[in-house]
Every structure is written in C-alpha cells, then in structure tokens.
J.: 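I'd like to ask you about the structure that follows.
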Amino acid sequence: MIRCFVAISIPKTVAPQILAAQAGLPAGRPVPAENLHLTLAFLGEHPEPVVEDVHHALSEIRSPCMDVQLEGLDAFGNGRVRLVCIRAVLSENLARLNASVKQAARLAGLNLPREKYVPHVTIARCGSKGASGEDALKLRDFAARKAGFRASFRAESFVLVRSYLGQSGPSYEDLAEYPLTWLQTS
Ligand code: 3AM
C-alpha cells in the first residue's frame, strides 16, 4: 500500500524564510526543511495500481504556473493545537489546481472527502493528541506574534509524494513531478 498526497514543493530559496518563522517555536515538533510543502490533496493509502491510475490522471492536468503568496501564521485545531502553519492565499489559480487534482484523483477511482481547501504550509506538528493548556496558549500567541510574516514564490510544478510514517515523524519521497504551464500567469 502506498500512502500518498499531492503537493507543491517549497523552493530552496524560500525554505530559509520559513525556517526563520519557526524560530522560537514554544512547543510541538518543527517540520524539517526537506519536509516543507503545500498540500493540494491528501489521497490516503492505496495499492500501487491505483496510485498508477492517479499518476496518469494527474499527468493530464494543464494548469498555469502561479505565484504563491504566504501570509501570516496560524495554529490549527479545535481546542487543542494540532499544528502550526503558514497560511497561503487561495488565489484563483491555486483553487483551480486544487479542484483539478481532486477531480483527477476521483476520476482514478478515489473517494476523497468534499472538504473546504485551506492552503497552508505546516511548520510544526503537535502529535496525534495535539497541544493543550499552557502549550496551546503559547503556540497561539506565537502564531499571532508572527502575523506579519510574508513570503512568495513561483510554483512551476506540483508533485505526487509518498509518505512513510515513522517514530520520529513522516518522511517523504517524490514519486512524480508534473509541470505547470507557462501559457497563462496568475
Ligand atoms: O502537511 P499538511 O498539514 O499540509 O496533515 C497531513 C499533511 O498535510 C495530511 O496530508 C499531508 C501529508 O501527510 N494528512 C495526513 N493524514 C491525513 C488524513 N487522514 C491528512 N489529511 C487528511 N486526512
């Protein structure tokens, strides 16, 4: 079985700015530079032939290159804080790419939940239970203090990523990369 998701990789030029935003994290586990990404859709665990069908469907997507704007930090979770992230602006191009990826995965037979897309780059995770009490307060305060964070980058491709779950957090492997086109700009 292959646990996988579709994402936009964070270019090496922007990673240092994101890592700087992690500085002073009061709780949780920081996401290492090589794991930073902007998820387009989590696909779940599937047998290899199904993932191959998804790969072929993703290969058919024609979507333009786009500027991705990162703006401010957030601490996600109901009551507890599950993760700390940098928000991405949901531009028209990003929304369309998210819709195209989900449509491609559904065409390949996947049953994806119909949930609102909240684009973000996770910079810290707080385990399956999340952070509560003092830690949760500190994390929310940390995110609020970094509300002025801004960065942007040009996305020229998206990737199908395999996720391996391990004791010390997930590790990722790019299975395929799909170019975005230069025909149109955001
Ligand atoms: O790094 P972010 O937060 O963008 O949270 C997981 C991560 O997203 C999400 O998929 C990305 C790669 O692992 N994810 C993991 N398990 C999930 C699940 N069961 C999930 N999203 C929805 N449902």
Side-chain angles (χ1 to χ4, degrees), residues 1-12 14-15 17-19 21-22 25 27-47 50-51 54-55 58 66 68-91 94-95 97-106 108-131 136 139-140 142-143 146 149 151-153 155 157-178:
M1 295 290 269
I2 298 177
R3 180 184 168 86
C4 54
F5 63 96
V6 182
I8 291 175
S9 302
I10 301 297
K12 285 196 167 68
V14 185
Q17 284 168 266
I18 296 181
L19 294 178
Q22 279 176 336
L25 188 77
R29 192 163 56 193
V31 172
E34 67 273 17
N35 278 6
L36 293 170
H37 63 268
L38 172 65
T39 301
L40 289 162
F42 177 71
L43 304 181
E45 260 187 53
H46 304 282
V50 173
V51 176
V54 172
H55 164 59
L58 292 172
M66 64 187 83
V68 176
Q69 316 275 357
L70 303 177
E71 286 193 3
L73 270 65
D74 235 334
F76 280 177
N78 295 325
R80 289 167 181 263
V81 171
R82 211 165 37 81
L83 59 87
V84 180
C85 66
I86 296 176
R87 285 187 302 270
V89 174
L90 186 56
S91 65
L94 184 56
L97 179 58
N98 167 256
S100 299
V101 165
K102 285 181 178 160
Q103 189 187 22
R106 289 187 180 116
L110 267 56
N111 186 12
L112 296 187
R114 295 194 182 271
E115 56 195 19
K116 188 175 166 218
Y117 179 47
V118 183
H120 63 271
V121 178
T122 300
I123 59 168
R125 298 187 188 282
C126 304
S128 54
K129 284 188 184 161
L139 287 167
R140 287 187 204 287
F142 173 79
K146 302 211 176 194
F149 176 89
S152 66
F153 65 92
S157 66
F158 62 99
V159 283
L160 173 62
V161 187
R162 181 167 188 173
S163 167
Y164 300 90
L165 297 180
Q167 294 282 354
S168 55
S171 59
Y172 301 138
E173 175 194 9
D174 287 358
L175 297 178
E177 183 171 8
Y178 312 94

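One-based numbering, in listed order, for ligands and for the atoms of each.
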J.: Who's the nearest protein heavy-atom neighbour of atom 8 (O) of ligand 1, and how far?
T.: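 In this structure, atom 8 (O) of ligand 1 has T39 OG1, 3.2 Å as its nearest protein heavy atom.
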
J.: Pull out every atom of ligand 1 sitting under 4.0 Å from any heavy atom of H37, numbered as shown with elements.
T.: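 By the 4.0 Å cutoff, the relevant atoms are 1 (O), 2 (P), 4 (O).
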
J.: Is the ring pair F5/H37 parallel, tilted or perpendicular, if the boundaries are 30 and 60 degrees?
T.: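 Because their plane-to-plane angle lies in the 30° to 60° range, the rings of F5 and H37 count as tilted.
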
J.: Restricting to non-hydrogen atoms, name the atom on A15 and the atom on I10 that form the minimum distance, rounded to 0.1 Å.
T.: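 In terms of heavy atoms, the two residues are closest at N-CG2, 4.1 Å.
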
J.: Looking only at N/O atoms, are S163 and ligand 1 under 3.5 Å apart anywhere?
T.: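 For ligand 1, there is no N or O atom that lies under 3.5 Å from one belonging to S163.
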
J.: Which heavy atom of the protein is the closest neighbour of atom 3 (O) of ligand 1, given with residue, atom name and distance?
T.: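 That would be T122 OG1, 2.7 Å.
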
J.: Considering only residues two or more places apart or on different chains, which pairs with a residue in residues 68-78 satisfy side chain to side chain donor-acceptor pair (under 3.5 Å)?
T.: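 Residue pairs passing side chain to side chain donor-acceptor pair (under 3.5 Å), neighbours aside: D74-R87.
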
J.: Could you tell me whether a side-chain N or O of Q22 sits under 3.5 Å from a main-chain N or O of I123, the two making a donor and an acceptor?
T.: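 Such a contact is found between Q22 side chain and I123 backbone.
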
J.: Would E115 count as a polar contact of ligand 1, with the cut-off being nitrogen or oxygen pairs under 3.5 Å?
T.: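 Checking ligand 1 against E115, no N or O pair falls under 3.5 Å apart.
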
J.: Under a 4.0 angstrom heavy-atom cut-off, which atoms of ligand 1 come close to R3?
T.: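 Listed by number with element, the hits are 15 (C), 16 (N).
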
J.: Just by distance, do the side chain of R106 and the backbone of L112 share a donor-acceptor pair under 3.5 Å?
T.: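 Looks like yes, one N/O pair under 3.5 Å.
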
J.: Measure the CG-CD1 distance between L70 and I18 for me, rounded to the nearest 0.5 Å.
T.: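 With rounding to 0.5 Å, CG (L70) is 5.5 Å from CD1 (I18).
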
J.: Starting from atom 5 (O) of ligand 1, locate the nearest protein heavy atom and write down its residue, its atom name and how far away it is, to 0.1 Å.
T.: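 For this ligand atom, the closest protein heavy atom is R125 NH1, 3.8 Å.
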
J.: Starting from atom 22 (C) of ligand 1, what is the nearest protein heavy atom, named by residue and atom, and what distance separates them?
T.: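 Minimum-distance protein heavy atom for atom 22 (C) of ligand 1 reads F42 CD2, 3.6 Å.
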
